[in-house]
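Atom set for the values below is all heavy atoms of this structure, side chains included, hydrogens, waters and symmetry mates excluded. Remember, it's 1-based here, ligands and their atoms both numbered in the order they're listed.
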Amino acid sequence: MGRSSKDKRDIYYRLAKEEGWRARSAFKLLQLDEEFNLFKGVRRAVDLCAAPGSWSQVLSRKLRASNESCEEVKIVAVDLQAMAPLPGVTQIQGDITKVSTAQEIIRHFEGQAADLVVCDGAPDVTGLHDVDEYIQAQLLLAALNITTHVLKPGGNFVAKIFRGKDVTLLYSQLKIFFSMVTCAKPRSSRNSSIEAFVVCQNYSPPDGYIPNMSNPLLDHSYDVDFNQLEGPNRIIVPFLACGDLSAFDSDRTYPLQLDSNKEYKYLPPTQPPIQPPYQQACHLRKNNLLAKEDLPSALLGLGALNLGT
Ligand code: SAM
């Protein structure tokens, strides 16, 4: 596959590089904002599952541009993986399902509440749909738990969701905490993907609710076959396609020269991955060391490597 073939197949991948975003997902948050005006009046935001950081970039650019004093803007970004720094963004490398991570986020706000929490969390997809949906739901609930600790009443929460068969249970749980829950599909999210985003507006927890990090989906006595949600417990949330309908279609292939007056020029990614998990494999392959008997000694040189690819 040539270097430009992904540019050709994926218009948002190419646009991300042209506009300096670290990942094409930036457009998903931008298009959600177009529809829901998410950034209005926001000074403190949390970006959960943030690496490589394109949502944090969007938050940093938008919030710092709309607030007179950049000092007042506080963005906390959390991910398992390390992320290259961004202006105005404090990073926490941690697991969002852990209480210690929630505590660290809360500490950063020094008693103040966040106006917005976003989460684009996704597990490493296995291809086994039930497993992928289950893990994704765990991430969403972990994000919701953290949100109940840090979000101000009236604040908003946006999170990636897989529209699998148990999605109604998730909607029901979100509806307990937010007066408005919408399932939104930005133009930049491929139709072929079950991914969508829940936009939860106006945080209003039940009276007397005390935030905790327990996770109802880890309750082994819950069984979706028996515990079917019915009557008022069954929540149907509005579904909204968002982003200008004249925007690029993420499932279409576009010509390499969108503007016929300009010549196509390949651009490298804005932020190459730091410490990617495949770094070791790349090193072994580049040096023709795969499946060699002297593997352990070959690995010794890895510590000094800095593959900026
Ligand atoms: N929004 C990001 C952006 O725009 O650059 C992309 C996020 S990427 C789709 C999903 C991220 O979720 C990965 O970086 C992964 O490390 C992170 N993640 C998955 N499970 C996590 C967990 N338990 N705690 C923290 N981060 C997690």
Is the NZ or CZ atom of R252 positioned over Y254's six-membered ring, under 6.0 angstrom from the centre and within 45° of the axis?
yes
Is the cationic atom of R61 (NZ for Lys, CZ for Arg) positioned less than 6.0 Å from the six-membered ring centroid of W21 and within 45 degrees of its normal?
yes
So, the side chain of D132 versus the backbone of V125: is there a donor-acceptor pair under 3.5 Å, distance only?
no
Pairwise side-chain hydrogen bond (donor to acceptor under 3.5 Å, both in side chains) hits with a residue in residues 196-208, at least two apart:
S179-N202
Results of ring pair (Phe, Tyr, Trp, His ring centres under 6.0 Å) for F36 - residues two or more places apart only:
none
Residues in ring pair (Phe, Tyr, Trp, His ring centres under 6.0 Å) contact with F177, at least two apart in sequence or another chain:
Y209
Ligand 1: protein residues within heavy-atom distance under 4.0 Å:
S25, C49, A50, A51, P52, G53, S54, W55, D79, L80, Q81, G94, D95, I96, D120, G121, A122, L139
